[in-house]
Every structure is written in structure tokens, then in C-alpha cells.
Amino acid sequence: MDHNLGQESVPADKSRVLNVKPLRTLVPVFPSPSNPSSSSNPQGGAPFVAVSPAGPFPAGVAPFYPFFVSPESQRLSEQHAPNPTPQRATPISAAVPINSFKTPTAATNGDVGSSRRKSRTRRGQLTEEEGYDNTEVIDVDAETGGGSSKRKKRAKGRRASGAATDGSGVAAVDVDLDAVAHDILQSINPMVFDVINHPDGSRDSVTYTLMIYEVLRRKLGQIEESTKDLHTGAKRPDLKAGNVMMTKGVRSNSKKRIGIVPGVEIGDIFFFRFEMCLVGLHSPSMAGIDYLTSKASQEEEPLAVSIVSSGGYEDDTGDGDVLIYSGQGGVNREKGASDQKLERGNLALEKSMHRGNDVRVIRGLKDVMHPSGKVYVYDGIYKIQDSWVEKAKSGFNVFKYKLARVRGQPEAYTIWKSIQQWTDKAAPRTGVILPDLTSGAEKVPVCLVNDVDNEKGPAYFTYIPTLKNLRGVAPVESSFGCSCIGGCQPGNRNCPCIQKNGGYLPYTAAGLVADLKSVIHECGPSCQCPPTCRNRISQAGLKFRLEVFRTSNKGWGLRSWDAIRAGTFICEYAGEVIDNARAEMLGAENEDEYIFDSTRIYQQLEVFPANIEAPKIPSPLYITAKNEGNVARFMNHSCSPNVLWRPIVRENKNEPDLHIAFFAIRHIPPMMELTYDYGINLPLQAGQRKKNCLCGSVKCRGYFC
DNA sequence: CCGCATCAGAGGTAT
DNA sequence: ACCTCTGATGCGGCG
């Protein structure tokens, strides 16, 4: 937590800054806090307060943040009203009609969004009751185009997934996937659809689309594996989730376009082909070449739009800015190999070359964290320089295209290449101060890097990989853990740990959090399952090759050499558990900038407001990482964070083992800073200690605690 | 650990 | 109806 208290402040006494030694004894040296307005912070009482955007807010507490306002209007409201009264932050019933879910009937989907938007606008002017009554609910099922043959009876009505959380802890046997998807879509903040349905994409629309896809995909996968023997469930959750999104029109940039795609940034990464489809980057669910037909482009000839290079055709080239791409065709399921023809994608590439058109390039790479899977890196705009025909090994003709990256674009694929070189020791990582600041305390080294200025490192602290809890925590209901000798199995309805999580394992097979549940119940000391149990994700230590680096204006920060998938556990907040009084004292006097305070309110995911309830955390948790801590102490604040924390309770007879775990909330490309929302203490008083926020996001609210 | 084969799939285009 | 640089899984070979 390297708050920068004004970059103008003078760095602390440099003589105290370490230069050698095991970094186990690194201790932070902070510029003396220049925030005089510290006042006592009466935050007692309220246990963890997580304000759902939909409220309700704690008595006497006003929302500090206009949750339901679009980024644009939000900026305005912040400019004009320092203490914004959220005009639209009215409570919304749990069941929100998804009135924007008109299935695009016309194949030319460009205008669908606008018509939908219009209806939404009109709706926005209705009174609250009218706006949320159910008369206009569109039955999602009635509109389901494909996959209807698979639909079963909806015995449980709209709450098929309710079985997962009804407290019985028993997963429903008869789970209707469409009903589950329906429920998830229903739980989405309607504001999100206003953003998504805009014909032109935006960063928000892309982010929301991907978040919804993730939740759908993981939920469907979770159901699938827990009901495997019953032949219900989607074998390919990625496809099923994508199909649902397409059918319901939950997608961005549905109109194909040449060149940049609004809201999709160079360097963005994807883990499924469908993700790129849903945000309008590359539509085909499998094919490598996307193109506009002559009809769609109103031209005489087809034109290429984007290509995915997945290495399937040996497209290797040493240069990160040049790509040799093979055409499509020449393989037939039954008839085997043949010559490729100048048609479809091949023809489109040819025409694009002659016109000198932009072509988007996505590079598919092997995902080192998940060797079976791939990661797709959007590498920006290329132009086709050359094309020719080659004889492939099979003896048949293959089209080849040489593409060169347009200059002046942000780095993307080359970052991956650099990291690979550092890994292979083919090139040194410059600016390394320490190769491993954990001194071996973690399984993976965490290097300390500064290629910005002359700071030699953070001040002394002791690196500890996990939480130190000297005082007992108030007991929750007694539990004695599970007896899953070989590890907890998805379908096991008798496992008490699975029951505590509502009938499903909280983590997917890939180790991602399946849900946005407020509290995660992991197996713990009183369980008989092995450390490799899938329900012990947060106990396995660091997996990613993290580095603590010097930011340009926020002191030290944290980032990763490895790409991090949304939903992945990153690390816990290690440190020393302290009590409320001590936390208040240290915090109020600005003696400790490394306090984690579970009572701080932070912006919840605005996509699923109704999904978020106040976590039933046994008691408020205060942790200081000033003298002892792990990598989490270096994570900076952002108002548009890419990381989120969740409380984790580990089964431990009468002594609940409470931890704070950090998860990625979106895909994070390598070397992008990891940040979470520190939140603020409530009630927020004028002049209360606040820190100026430097996150630079358009959603920046200006301060945090 | 790695490649290979298998196979059910999806959207979009072509017919 | 046809096409496709998927993605999960299982097998056999490799060192």
C-alpha cells in the first residue's frame, strides 16, 4: 500500500533506505504524511459494510458514490456537486426486468441497438414503479432462438439457481441452464444495458460485456461439473455462455467494422474466442479470418477485418512487428487436404492488401498458467504487405500473407516477447534492485525493480507470506470440516464445505472463483482433504511472477509478468491482525499507511448490484502490514481497479480462520499495475483523513482512505 | 510433459 | 448446408 501522499513531498531520508540485506527486514520509509486533517474516526459498530449500489445504506449514511450514473454524467456530477446526491441511486428490487433483451431479429444488427436504446430512454423517464414493474418483462426463454430443443421444464420457475443458495446446501438435480442464465441476466444492473446497447462500443460496454460473459461461463461450468453424471449442463460453457449472450443481444460493437474497435484497447487479452466475438473484435467463433462481405461493405469485393494467428499454421517470424499468416481452406473433414482457393477470407485479405486497408491482428499464445488453453493478445492494426502461394508439407497450395504492424501503436505483443526473453535469460530485466524481495518466503521470487528514478527500494519490513493472527477471532458457528480424503469433489452433496458455499465448490476447475459471492468458505485445518484440494486455492501461495516496481507518481506498485485471468486468486493480505482501537489510532495519526480495514466501503461491481449483499464476516478485520507483510502491501489504490478482495473463512473448529484474498476482476495483461479500491471509512466527515487519488481513471472519485 | 486424435459446437457466409 | 488457426478430454509415446 504505497500511498503517494503528494508527489511533491520529499522522499524520506535516503540513508535509511536499504541497499542490501535480506529484504525480509525491509521496512517502509514514508514521506511524512502531509495530511494535517486527521480526525478520529468513529467507525465502530458497523461490521463489514459493503454498500450495494442498490442500497440499502446503513442508517444515516449516504452513498458516497453515484453508483448508477454513467461515467460521463458521473464526471459532471462530481464537478458540480462535491457531495453528490445520486439521482438515480434509488433502490432497485432484486428482480429487475431485462427490458432491453429484445432478441435482435434482423441479421443486420446495426440498428437494433439504437431501437433498443430508444425504448430504454423512454423508460428512463417513467416513474420508478413503472420502470420496474414486471409488465414489460420480456420472457427470455420465449425468445431463445437456438438451443430450444435442449430446454427442459422450468420446474423451479425462475429460481432454478435458487437451489444453489437456498440454504439446504444441496445442489438442484434438475438444473435448467437457460433458467440459470436468465437469472444471472436478470440480476444485472439495468444501467449496464444502457451502456452495452449503444451501437458504438465504449470501454465500459466492453468491460461489462466481458464481465457478464465470465460470470455466465463460470456459473454454467460449475453446474456442468456438479451434474456431470446427469447429462445435463453444457459441455462447453464457453460456447453455451456465448450463445446466450448472442441470443439476448448482450454484446458490444455488433456491427462489424474495419480498423479500431471502440472500447477494445491494444494489449487487451482474451482467453476464449467467444470473448473477442462478443466485443466486436473478431466475430467468427472458430475461423481465423474475419471479413466483410461485399454486400455488407457495400463494395465490389470482400474486405478483411481481423485475423487470429494461433500458431496453427507455423506462422513464426522472429520479428514482433511482422507476421506471416496462412490462408484458410485446403482441409476437409472427409476429403482431406487440397489446394487453398482464392475465396472467402483469402480473397478478402487479397483485396485488403491492394487497398492498403487496416487489418486487426490477434495473436494466440500458449497460456503458461493453463497449458491446455490459449491466451489471445490484441496486437492492434497491421497492413498486408505481400501475399503469395506456397506448397505446404502436404504438397498442396497454401496462401501466405505478410503483415506489418502500423507504427506508433502501444506495445502489446512485444511485451510478451520481452518477458519471454527475461524468462529464458536471453535478455536481462533492467532496473532490478533485488531478484527476490521475499527472500525465498514465497515459492515464486518477487523482484524489486526501478527503471524510473533513483529510489533504491521501499524501507525495511519483514516479508511474511500469510496472515498473523495473534488474537482470537469471535467464533462463528462451530464446524468440523469435511472428510473428503481425496479432496472435495464437485458433485459431492454431502461435503459440508461445499454446502457452506451454497452447494457448489466456490472455485472452478481452472481455479477461478465461480461466483461473486461475498464470503468464500474454504477448507481449513479441521478438514481432512489434502492441501491440493480445490477448495484451498488461497492457501497455495503465490503462483504469478510478480514484481514490485517504481511507478511514475504513486511510489511503489505491484504488477505481474504473467497474464492473470479474471477470477484468479492473486494473493492474500498478509500482516498482523490488530484491533479496532489500534487501527483507528494508527490510521488517524497517519502512522501506518499499511492498514487493511474490512469496514471500509468500496465500490462494488456495478454490473451485479443485486447480487451483492453485506458479507457475513465474523467480525471486522484490521490488518497492519507496516512491519510485516507480503506483496499485497504494495498494491495501490484505484477507482477503476482490476483487483477485488473477498473475505475467506477457512474451516477450523470454533476458531474461524479469516483471511482477505485478492482476485482479478478482469483479465490483466502482463506488466499492468494491479490495483484495488481501498474504499473509504464511513461516515465520511468533512476534513476526515482522505488521500488524494492519483489513479487517473475517468471514474476517479478523487480520494480514498 | 507433449503431440495427436476425437468430437460436439458456434456464428457467419454461401447456396 | 457448409466452413473453420476451438477447447476439453483421452491416449500413447517420449525423455
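Below, read A as the first sequence line, B as the second, and so on, with proteins coming before strands; counting in each chain starts at 1.
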Sidechain-backbone polar pair: A:Gln340 side chain, A:Gly327 backbone, donor-acceptor under 3.5 Å = yes
Would you please determine if the base of C:dC5 is stacked by A:Tyr325, with stacking meaning a centroid separation under 5.5 angstrom and planes under 30 degrees?
-> yes
Exceeds 12 heavy-atom contacts within 6.0 angstrom, atom CD1 of A:Ile266 | yes
Looking only at side-chain atoms of A:Arg251, point me to the closest of B:dG11, B:dG12, C:dT6.
-> B:dG12
Verdict with supporting geometry, A:His667 and A:Phe271, ring-ring contact (aromatic ring centres under 6.0 Å, His included) | CA-CA 8 Å; A:His667 302 326; A:Phe271 290 83; 4.7 Å; yes
Whole-Å distance between C:dG7 C1' and A:His370 NE2?
-> 14 Å
To the nearest angstrom, how far is A:Tyr376 atom OH from C:dC5 atom C1'?
-> 8 Å
Just checking A:Asp238: base, sugar-phosphate only, or nothing, at a heavy-atom cut-off of under 4.0 Å?
-> sugar-phosphate
Please state whether the phosphate of C:dC3, meaning OP1 or OP2, lies under 4.0 angstrom from any side-chain nitrogen or oxygen of A:Tyr291.
-> no
Lys/Arg cation over aromatic A:Tyr504: A:Lys219, 6.0 Å, 45° cone = yes
Report yes if some heavy atom in the side chain of A:Arg405 is under 4.5 Å from a heavy atom in the side chain of A:Lys383; otherwise report no.
-> no
The answer to which of A:Val244 and A:Pro302 contacts DNA chain B further toward the 5' end, by nearest nucleotide, is A:Val244
With DNA chain B as reference, determine whether A:Leu292 or A:Ser285 sits nearer its 5' end, using the nearest nucleotide of each.
-> A:Ser285
OP1 or OP2 of B:dA10 less than 4.0 angstrom from a side-chain nitrogen or oxygen of A:Lys240, does that happen here?
-> no
Hey, is the side chain of A:Asn243 poking within less than 4.0 Å of OP1 or OP2 on B:dG11, counting only N and O atoms?
-> yes
Of the nucleotides B:dG12, C:dG7, B:dA10, which one has an atom closest to the side chain of A:Met246?
-> B:dG12
Ignoring backbone atoms, establish whether A:Thr293 has a side-chain N or O less than 4.0 Å from OP1 or OP2 of B:dG12.
-> no
Please figure out whether A:Ser372 or A:Gly329 has its closest DNA chain C nucleotide nearer the 5' end.
-> A:Gly329
Between B:dT13 and A:Lys256, is there an OP1 or OP2 to side-chain N/O distance shorter than 4.0 Å?
-> yes
Counting only Watson-Crick or G-U wobble pairs whose two distances fall under 3.5 Å, which nucleotide matches C:dG10?
-> B:dC4
Contact class for A:Arg273 (heavy atom, under 4.0 Å): base, sugar-phosphate, or nothing?
-> sugar-phosphate
Rounded interatomic separation in angstrom, taking NZ from A:Lys341 and C1' from C:dC2 | 12 Å
Let me know the distance between CG of A:Leu365 and P of C:dC5, rounded to the nearest Å.
-> 17 Å
How long is the line joining CD1 of A:Ile289 and P of C:dC3, in whole Å?
-> 15 Å
Rounded interatomic separation in angstrom, taking CE from A:Met276 and P from C:dC5 | 12 Å
Donor-acceptor under 3.5 Å (A:Arg534 side chain, A:Ala510 main chain) = no
A:Asn332 side chain: which of B:dG11, C:dT6, C:dC3 is closest?
-> C:dC3
Mind calculating the distance between CG (A:Leu347) and C1' (B:dT13) to the nearest angstrom?
-> 13 Å
Should C:dC5 form a Watson-Crick or G-U wobble pair with both distances under 3.5 Å, which nucleotide is its partner?
-> none
Could you check how far CD of A:Glu301 sits from P of B:dA14, rounded to whole Å?
-> 14 Å
Could one point to a donor on the side chain of A:Arg344 or the base of C:dT4 with an acceptor on the other under 3.5 Å away?
-> no
Taking the side chain of A:Gln328 as heavy atoms from C-beta outward, which of C:dT4, B:dG12, C:dG7 is closest to it?
-> C:dT4
